[in-house]
Structure formats: structure tokens, C-alpha cells
S.K.: 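Quick one: this structure, given as C-alpha cells, is what I'll be asking you about.
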Amino acid sequence: MTSTDTARVVHGPKRPGTPALEARGLTKHFPVHGGLRRGRVVRAVEDVSLALPEGTVTAVVGESGSGKSTLSRLLTRLIAPTAGELLLDGEPVGDSARARRGYAGQVHLVLQDPFSSLNAVHSIRYHLQRPLKLHHGLRGSELDARAAELLERVSLTPAERYLDKFPHELSGGQRQRVAIARGLAVQPRVLLADEPVSMLDVSIRLGVLNLLDELRERERLAILYVTHDIASARYLADTVVVMYAGQIVESGPAVQVTDEPAHPYTRLLLSAAPDPQRREPVLLRGRGAPPSLIDPPSGCRFHPRCPLAMPVCAETAPPVRPAAGDQVAACWLLDPERAPGTTPA
Amino acid sequence: MRTLLRRLGFYLLAGFAAVTLNFFLARLLPGSALQNALAKLRGANLDPDAIRALEAQYGTGGDHSLLSQYLTYLSSLLHGDLGLSTSQSAPVSSILGDTLPWTLGLVGTATALAFVIGTLAGIVVGWKRNGLLDGLLPAVTFFQSVPYFILAFLVMMTLGYFGGFFPYQNGYDIGRHAHLTPGWNGPFVTSVIEHGTLPALTVVLASLAGWVIGMRNMMITTMDEDYVLVAAAKGLPQWRVAAVAARNAILPTISNFALSISLVVTGSLVTEIVFTYPGVGWQIYQAILTGDYPLLQGILLVVVFTVLAVNLVADLAYVALDPRARKEA
Amino acid sequence: MRALRSPKVLAGSVLLLLLLLLAVVGPLIAPHSADWQADRTSGLPLAPSGRFWLGTDQQQHDLFSRLLSGGRDTLLISFLAGMFACLLSVVVGVTAGFVGGLVDDLLSALANIFLALPGLLILMVIMKPLPPSETSNPLLIGSVIALTAWAWGARVLRAQTLALRAADYVEAARVIGERTWRIILFEVVPNLLPILASAFIFTVIYGIGTYTALAWLGVISPASVTWGTVLNEAQSSGAAVNGYWWWYLPPALAVALVGIALALVNFGIDEVINPRLTSARTGRARGVVFRLGLTPVLKTAAPEPAAAPSNPVPLKEAQP
Amino acid sequence: MTGEPVLEVRDLCVDYGVGKGGVRAVTDATLTLRRGEVLGLAGESGSGKSTLAYAVTRLLRAPGVITGGEVRFHGPDGVLDLLEADAATLRRIRWDQISVVFQSAMHALNPVARIDAQLTDALRAHRAQLGPAERRERAVELLRLVGIGEERLRSYPHELSGGMRQRVMIAMALALEPRVVIMDEPTTALDVVTQREILDELMQLKDRLGFAIVFITHDLSLLIELADTIAIMYAGRIVELADAQRLFHSPRHPYTLGLLNSFPALHGERVRMEGIPGAPPALTALPAGCAFHPRCPFALERCAHDVPRLTEPAEPDGAPADRSAACWLHTGGEQVPEPLARVLGSTL
């Protein structure tokens, strides 16, 4: 368990002022259904503190089961956290129905699969106008004008050609643009994107990523980009946050984390990632699969797979330590007392 | 184990619900019909003990509370006592004992035949996919969309009355010139089979389509699975590839069997009425004609328990056939 | 509406409309009223003739008139039963599927119990004591039949709702802050419509069978003549044994015809629900045989392949 | 590219549907797979890469129809055209000579059969002389080959993790020591670490057992690390075919170039990349001429109506090309844009 007596480290891009959205100690334990022993839980997300300042892209990287998708749903309030709190512009968010709707107008989530995130029975117009009606009370001709404008903002032009189409008449990339346009209709401060390009064809992925980057720039959105593709995280994000088994193990400026990873898990991910420039054969830094989150390993959750594990790793969870600059990692190797003479390279 | 226990719990609950419903149905019915029946019984020189028993059964005699009546009812059920038939002055259980074998023989055989033939045909039609057989499906649907007793009329008329291929009345030859002794003797058994043919054919025809179409659709769905293509890619003989698909496709079919068995049984009972077949169905008709509620309710209870038993067997078969279900268990 | 292009569906729809039309105008165009009797003295049914197209029954009612008049209540009640049952199954199925948890467990158990109960027998027990004034009320009879018919639809709808509840577009609707009732009504239910339509058709088939059976067995005696009551009179007069086929055959065929029309329409709905099950016909029509694991080879010079079945050439044992 | 050919595909054409409703999914595909080689087939969804592979094995599902070409398999008994072969011949060759690993092992393993049964059923069909004990021994051996313990023999697929299932699938494909293994996105559904582990094992097994691999994927960056030769497919045609390193460092087709520019790098300076404008066309509405021309930054006037054939490009240094591309830019006379005219220093 992460010790709570030490000062909490908030991950994410460092910017002056109040972040648009901040999560403090966000934790989610799902009850296990169907087990004979009651009270067992899946520790999907454990004590995550994350700040998303406006005009930044934060990438959350991890394997499946690392808790990154759960985190995005916690941040959208689609699921209720077991512990922790959310602050929107520094204010704790309320729990009333009104507060929830207000929150939905500030924080939006773009889902992974554009083929199923749009309802086949509704037109593009319907999809775009619902948030306009819900959050801005727009009526009549204003609706059409705004919907058309939204399509233009995601480069679906001329807009009239798309408004009356149905999802099945569009390509995957166009659908994902519509999904993003729907998010923009909300006029959110924060845009969460859960693997927004992984279902898309390779040649159109960059188009969608570049669109997100433009929105960050133009609309000053705080963007959270959830992905398993560390190369695209490096491409798009200001800050990369690496999750393993429900915990953040490393975070820092994107290029720094990918060029000089501090945590052995980040190094494992990088060594496994496809890299056409690789000359020498791959040396996989660690083996095995992520652990069960019902019964996670003691101490550092990565220690059973870690090639550099020390006795202390199995006993006590490592605290988050600075590595270099804004880069931090939760690893005993960064503790000068615990690992004298060993510096991760 | 857990899933199985859950299912078992469900069957207990369903059985209990049926028994309770049965109890209250009798009491919710407008009194007059029941009183009439009792009055008829009194006039029929029935043993006073029996009348008292009947009164107790319906709570019309003494001033027992509803709860105590209910408990009495439950305890007599547990002893296999289904009450007295008002029209036949005999215990319902003994009437059922006489007629149930006829129904079980007819409906059981017909349903089993229909299921086996239908499933096998569904496998073939699904596997051949584009064969001529597929074109026969609409024709098969004809039998599925016509109520059992209507189909029974049509079968009786075409093959029985006009065709003259089979007898279409009664369970065996009881005509004036017949000299049959019920029992395990050749002439009697032959007669029973002859008389059972048309009702059985009706039940088979009516329920066959459901199995054929269900199994065909499952075969086609399953054949789209990669593991069937893998079987073909392995160079296994055709029949082995088909077997892989069929083995997986049969699982939902078993669930469907359980779901539709109550419709099949009800339909079969009604078919008996058309053919004046001496089974439980015919007793239902008699009970309706004479307003014999104890008999009607006794039959209802037996049918419900039969259906539940078949469901339980189907559940067990499913768990036995699907390792994934076992794991959850 | 592409479903209408299928000849089966077209035939079914036309047949169904025709039958519905007959049910409406039947009593008006019938040569006689349903209760009209030809000759009160004769005790024998008359076979079909030029005067009585479908003959008469023992009471010398004109059976053709009775057939025309009998459809109205029969169809009205079975469609009412279908509607009520669908309403019930939507409420139960969608609630169970969408709410989940204990509510789902209870509603599913309830549906399963109703599936195991023999509906017709229960209806007999319930309806036998009802006076004719009540059994001729279509609304009452329709809803009582519906009580025994909703479980199947509820089960199917629940399963589908369960799948839809997890669909991304439902989650997306939550994300933009849609209210739950709106999500159910506008996101989930529209996607259930094909299944609902199919459930409706099956319930109507069940309804017509059940209602006719109840009348045939004399469990209910509606005030007006229906196909079921004609069958009931035929049954109690031993029409089958005595060979009065014109007495019971026409109403039986009429019921069968409604069932077939509905089943044909259902083919079209099936095509919408599961296109896979019907789509492979295209190739066969052109003489190409598709077999799993044996992709056909149609080598032609023409850019558009012509219709010619592949002839597997016997293997030439390859030369080294 | 030294080994002798095991599988030669010539002018293969595949349609979905027959007659008016049919669309061409693969057009004039020509490929050669050599012994012990990894041949990569890369392309986006709808490019025809999987269609091509399944058509070659005659495993393509309805309404797929092969409408032309030949597929010459060089087996132990000589050369055989798989498109002329009858069902019995195909059955004999399948798995024994050519096996397939599917994308999702979750779906490719029979959920109601145990692992050992699925490992040995092909042995039963093809090696009738083996007894039950020998088959079981072989199953254990195969599992060990992919790093799975004997105790998993009696497991059902749902009891295994995703990575383990894919390993079982690979073990299964190697059961009869085939000459060719066709792999359709075999690791796409897996996490990167598991993917890497399995690919490492696969390459070791390939070196040890000497089979050739046709590796289908949309992930070109992975393929470059993995494959000897790569064929890039677009809208049903092979648009470029070259040695992996040369394809990476000196692409000749604009689509290949665009594809390579669609994968952000793991190293170096962060630069804005553009990918490829537009979206891949639907097979039902292919542009005239070169199907890529509406998205191509270098499109010439003739690209809009003439379909380029796969030919050897004239190399800038005059060296023998030993590669091919289907692009009018390389047919001589045109000024080849710089990114498509690079020369890879070393000859491979």
C-alpha cells in the first residue's frame, strides 16, 4: 500500500495556477461477484493523484488491466470512486443531480470504438444537438448552425453533407471526429480520450491525434489521452503518466520519460514496443504478465516481474521519488539509502 | 456448484409458486361453481368421509383459517393426495395414475423424436447452408405457426378421415368387434401404436420446425466462428468439422428446449382432445365439461412439475456439455 | 423496408392485410347474420352447395356467414393479447436488463416461472368460472391471455437490453449527462424494436391459438360467434367422427392462415435482426457452391465473373 | 532472399460475391514465399491482406470467390496448384504443409474441447499411424515448445490467459511441422510485452524448425523488425514489395511512405507528422486509375485513369532493383520526389 503519511505527489503537467481538473487519492475497488468468499475486491485504481491543467495533454500509458480505462471513467464520474475526490477548477465537485449535470458539461469522455459509441438509429445531427440542448438550452435554427460549426471544427466539411447522415454511412475516422465534435458541443474544459485511435486505420490515426493537439492549442482544453501505445503518447503528450496494476509508477515530461525511463516497468514497455529503427535484437527487460488485482503482490506490485528487484521491493511499496527534473517514479532504485550505487540508466 | 444450486433453488421456488398459485386459484374462483360441484357430490351418495375431505380441501366445511387450510393442503400434497375428482368420484391421483402413462408414452415419444430428428435435420440444413433443404424452411414454418389443435384437425382429416391410413379416435381399438385385452400382448400393442400414430405425428410436426430452425440458425452462427474454420484448416474430415460446429451449436438449443417444453406439453395435451386419446389431455376436457376443479388443478400441478423436471434435466445436460458453465458452478 | 422485397414477406403482409380487412368487413358482407338459421326442422348439417358455400351446421346456421363473422373477435383479441404482452415484456425485460442486480434476479425468476407454467391450462382454470358477459369483453380476455404470454418476450428483451446497456453509445449518452429515462427510451428501446416486433408476432400467434382453443373447449363462451365457438359446436356434435369436414375445416384453416401470414412477415423481421442467417442465398442462385474450407474458384477472363460452378480438376500428381 | 520458393502466388484475384453484387477484394496479387522466410503482408482494414492469405489456402469464407490466378505450393511431392486441387488434396496438405494462426486465439480455440484434444486432432487426421500415447507425448512436446507446462493439457481454453491461448494456437500450428505458417494478426489482441515474448519465441522456433511465415498485420513498424520481405497492400492490390530494411529506409510507393510517416517514432526529435490525408476507399467505390491517387501528394495526371502495374523501379544509382512498386513515378521519365528516391547504402 502506498503510505499516506508522506506528502502526496500530484502527477501531471506542471503549470502555474489552478488545474482545470484535479484528482486526489482516487481509488476504485470493484467488488468481486460470484466468489464464494465475500468482501473480495479488484483493486483497479489505487490512490491516483493527477492534475490536468488547461492547454495541456497528459497521456496515461499502460497495459490492459493497468487501470487506465477505469481512471478515465472515474474522472468522468461514470463510476463512483471508493475513495478520493475530484476538484474542478479547484472546487470539490458536488454529488447532487444538478452538480453531476454541471460536471458533464465540463468534463467529456471520447470512447475508444467509434463504431459503437454512436447510436445507429440516430443521425449525426441528433448526436450533436443533444449536448447543445442539454447544456446550453439551444433551440431551433441555432441548433443547426451550431451543429454545422462543430463539424467544421473537426474538419468534416462541408457540414451539410454530414448532418443528416447516419453513423453507418461514415468511415471510422469520420465517426471518431463526430464523437469528438459531440464532446466539443458540450463545451468542456476537460476532454478525456480513452484509446481514441486504436480502432482506427493506421493512416488516419495521426489526423485524429493532430486534431486533439489543435483543440488543446485553440480551445485551451485540458486533455487526458489514455493509450497503450507509448510512441503515440510521446508524440502527442506534454506529460506521460505510466500506470501499472492500478498505480502510477512513473510520470514526467513525455520525451524525458521515453528517452530516460526511470521505472523498470517503463523500460520494459519501451523495450517491448515495436521500433523499426531498432538495430540490435530486442532485450526484453522483464517477463510475465500483470498480476491479479484481487490479490496484488506485496510491496511494489511490479517486483515479481522486475529484473532489478531487491528484497525491500517485496516488503514495502516504494514512495514516489524525483528522478530528474519533473520526472518522478515510484521505485526503490531512486532511493539513495535503499539502492546505493545503483542508478537506473 | 453455485450455479447449479441457484438453479435448484429456482426450481424449488417455481414448484412452490405453482403449488401456492394452485391453492389460491381454487379460492379466488367465484364460489358458485364450486358449491355446485359439491352439491352434486352430496347428491351422489358419496361416502361422507370423502365429502368431508373435499370440504376440508376447499375450506368450505369447517371454519378453518386460510393458513391452516393451506398447511393441510401442503401436507396432503406431500402425501401424494391431490384431492377427489368431483365428476368421477375417485381420487385425482388414481385417475392420473390411469391416464398419465398414455400421455407420457405419446408426448414423451413424440417430443423426443421431434427433438432428435429436428436437431439432426437442423445440423444438416445449417451445414449444407445453401442446399435445397434451406428452401424447405418456409414450408416447415407452416407447421410451427399453426396451433397444435388446428394442426391436429388437419392431420386427422387428411390422413385419418379421408386418407384412412390410421385410426384417429381413442387410444386403441374399442369398437364393437374388437376383442382386445389391454396388456402386453401383440394385438393390443399394435393397436396402441396405430392409434398413437396420428397424435404423435401432430406433435412431431408441430414442434419439429422449432428445433430445425433453432438448430439451423445456431449452426450458421457457430460456423462463422473461427474455431470451425480452424477445424477445416487442420484438414479434418468434413464430418469432424461439422461435429465441432454442431457440438457448440447444440448448447443454446438445449436451453431453448427447456424454454419451450411447457408450450409443447400444453399443445400435446390439447392434441389428445382432438383425437379423443385417453391421456391426461382428454381428462382435462372431461374436467372442463363437468366443472371438475380438483381434477383440473391436479392435472395442472402434475404438468407444472413435469415441465420443471424436464427443465432441470436440460440444465444438468447443459452443465455437463459446457465446460464454461461448469467453471462458474 | 428492404425486407418487403422478399416475396415471402410480401405474400405474408398482403395475406395479413387481407385477413384483417375481412375481419373488419366480414360481418357486413356475410350473406346472412351469424345467428340466422335456414331450416329449423332438419337436424343434419348440410354439405357445401351453391346456396350455402360452406354448408350448414346442425342448427342450420350458414357456416360461410359464421366464418366471415367469426374473425373479428378472434383477431381483435389475439392482437390485443400481443400488444398487452409486448407492453409487459418491455417493462419487465428492459427494467430487468437495465437496472440489473437484485431487480434483475427477481424479474428473471418471475419470467422463468411463467415460462414453465402451462399457460393454456391456467387460463382454463381461471376462465372456466367467468360468466359470458365477461368472456365477451375483448379487453379483459386479451389482457388475461397476455398474462400468460409475456415471459418469452421479456426474456429475449432482457438479454438484448443487457447487451445494449454495455454498449458504448449508452455510456456516451451518460457522459453528456442524459437522464436515465431518456437513455432507456431514446437510446435503448429504438434498438430493441426488431426484436419487439418479432416477439409481438409470436405472441399474436400464441394469442390466436390460445383464444380459439379456449372457445373450442368451451372454457369461454363469448356472446358473439368466433372461429373457436364454431369449432366448439363441431366438437360437441362429433363433426369429425361424422365426417362434417366443412364444419370444422374452414375455421381451422382460417386460424392456420393467420398464423402463416404472421410467420411469413416474421421472415422479414428476422432478416433485419440477423442478416447472416439469410444472406448466403445470393451466391447459390448463380450456381456457385460455397462450402466451408473450400473457397470456389471461378476462373474467367471476363472482368465480371460469369456464372459457372467450379469443377475441381483431379490432382495431377506433381512432377519433381 | 536466397531460399527456394515454397509458395508462389501469381495474379491472384478474389471477389466477394458473384455477378452484379460482387466486388473485387484482391487484384492481380503476385508473391513468392521462400523457405524459412518471413513474408510480411501489411495494409489497412479492407486492403485485402487477410483476404489474400485466406484465398491462398482456399479457406476464405462465403461470399469470397477466387476469380483468377494460380497458387503454386512446392510440397515434398512436387508442385501443386492449390486452386486446382480438390477437397481431398487440400485436406491432405492442410496443417501438414500449411497451417494457420488466427488473430484471436480466444475465438480460434474450440471452447468446449480440452487443449490436448485440440492439439492432437490434426495428428489423428494426418498421422494415422500414431497411437494415443504417442499423440499425447507429442502434445506435451508441443506445449513445451511454446513454454507451457504439461499440466495445461487437460485445461479448457477459457481457463488460460490470452497470451497462453495464443501460444497454444502457435503450438497447434506447428504440430505437423508444416512448411508454411500463415499468421493473421497473431498478436494484435495482446499487450505489447506479451506480444514481444511470443514473437521472440516464434522467431526462435522458425530458425530451429525452418518453416516459412506469412505474417499479416496492420502494424508496419512491427513488421519491419520482424519480416525479411514486406508486401504493402492498398485497396486490394500489392503496391510495393521489397526487402524489409529497404522498404523502411527507402520506400518507393507514396502510400508506403505515408504509412511509415503514420507511426510516431520512439526516439529523437518530436516533429509534427501528418499521416495520410483522407481515408482508405471502400471496395465498392474504388477511385479510377491508381486507387491511392486521391490521397497521394505526388499524384500525376495519368494516375487518375491508368492503373499502375507492379514493376521494378529504376533505381537512382542504377543498381539492380530487386524490388517492385506499382507507381507511375518510377516508370521512367518522371522526376522522382526526394523521399521516394533515397538509396539504402548497403546491399542486402
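For clarity, every value in this text was computed on a predicted model and none was experimentally measured. Below, chains carry the letters A, B, ... as their sequence lines are ordered, and counting in each starts from 1.
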S.K.: So which of D:G278, D:G268, D:A244 has the largest heavy-atom pair count under 4.5 angstrom toward chain A?
M.R.: D:G268

S.K.: Heavy-atom distances under 4.5 Å only: say whether A:A273 touches chain D with side chain, backbone, both or neither.
M.R.: both

S.K.: Please flag which part of A:D213 lies under 4.5 Å from any non-hydrogen atom of chain D: side chain, backbone, both or neither.
M.R.: side chain

S.K.: Does the D:E225 side chain pair with the main chain of A:D275, one donor and one acceptor, at a distance under 3.5 Å?
M.R.: yes

S.K.: Could you list which of residues 255-265 of chain D have a heavy atom closer than 4.5 Å to any heavy atom of chain A, in residue-number order?
M.R.: D:L259, D:N261, D:S262, D:F263, D:P264, D:A265

S.K.: Taking non-hydrogen atoms and a cut-off under 4.5 angstrom, which of residues 195-205 of chain A neighbour chain D?
M.R.: A:D201, A:V202, A:S203, A:I204, A:R205

S.K.: Count the heavy-atom pairs under 4.5 Å between each of D:I224, D:T194, D:I276 and chain A, then report the option with the highest count.
M.R.: D:I276

S.K.: Which heavy atom in A:Y235 sits nearest to a heavy atom in D:R270, and how many Å separate them?
M.R.: O-NH1, 3.4 Å

S.K.: Under 4.5 Å, counting heavy-atom pairs only, tell me which of D:P280, D:G163, D:A279 racks up the most with chain A.
M.R.: D:P280

S.K.: Between D:R272 and chain A, which part of the residue has a heavy atom less than 4.5 Å away: side chain, backbone, both or neither?
M.R.: both

S.K.: Please state whether the side chain, the backbone, both or neither of A:L236 comes within less than 4.5 Å of a heavy atom of chain D.
M.R.: backbone

S.K.: Against chain D, label A:S64 side chain, backbone, both or neither, depending on which of its atoms sit under 4.5 Å from a heavy atom there.
M.R.: both

S.K.: How long is the gap from CD on D:E274 to CG on A:N210, to the nearest 0.5 Å?
M.R.: 5.5 Å

S.K.: Under 4.0 Å between a Lys/Arg side-chain N and an Asp/Glu carboxylate O for A:R305 and D:E197?
M.R.: no

S.K.: For the interface with chain A, which of D:H249, D:H218, D:M203, D:M273 has the highest count of heavy-atom pairs at distances below 4.5 Å?
M.R.: D:M273

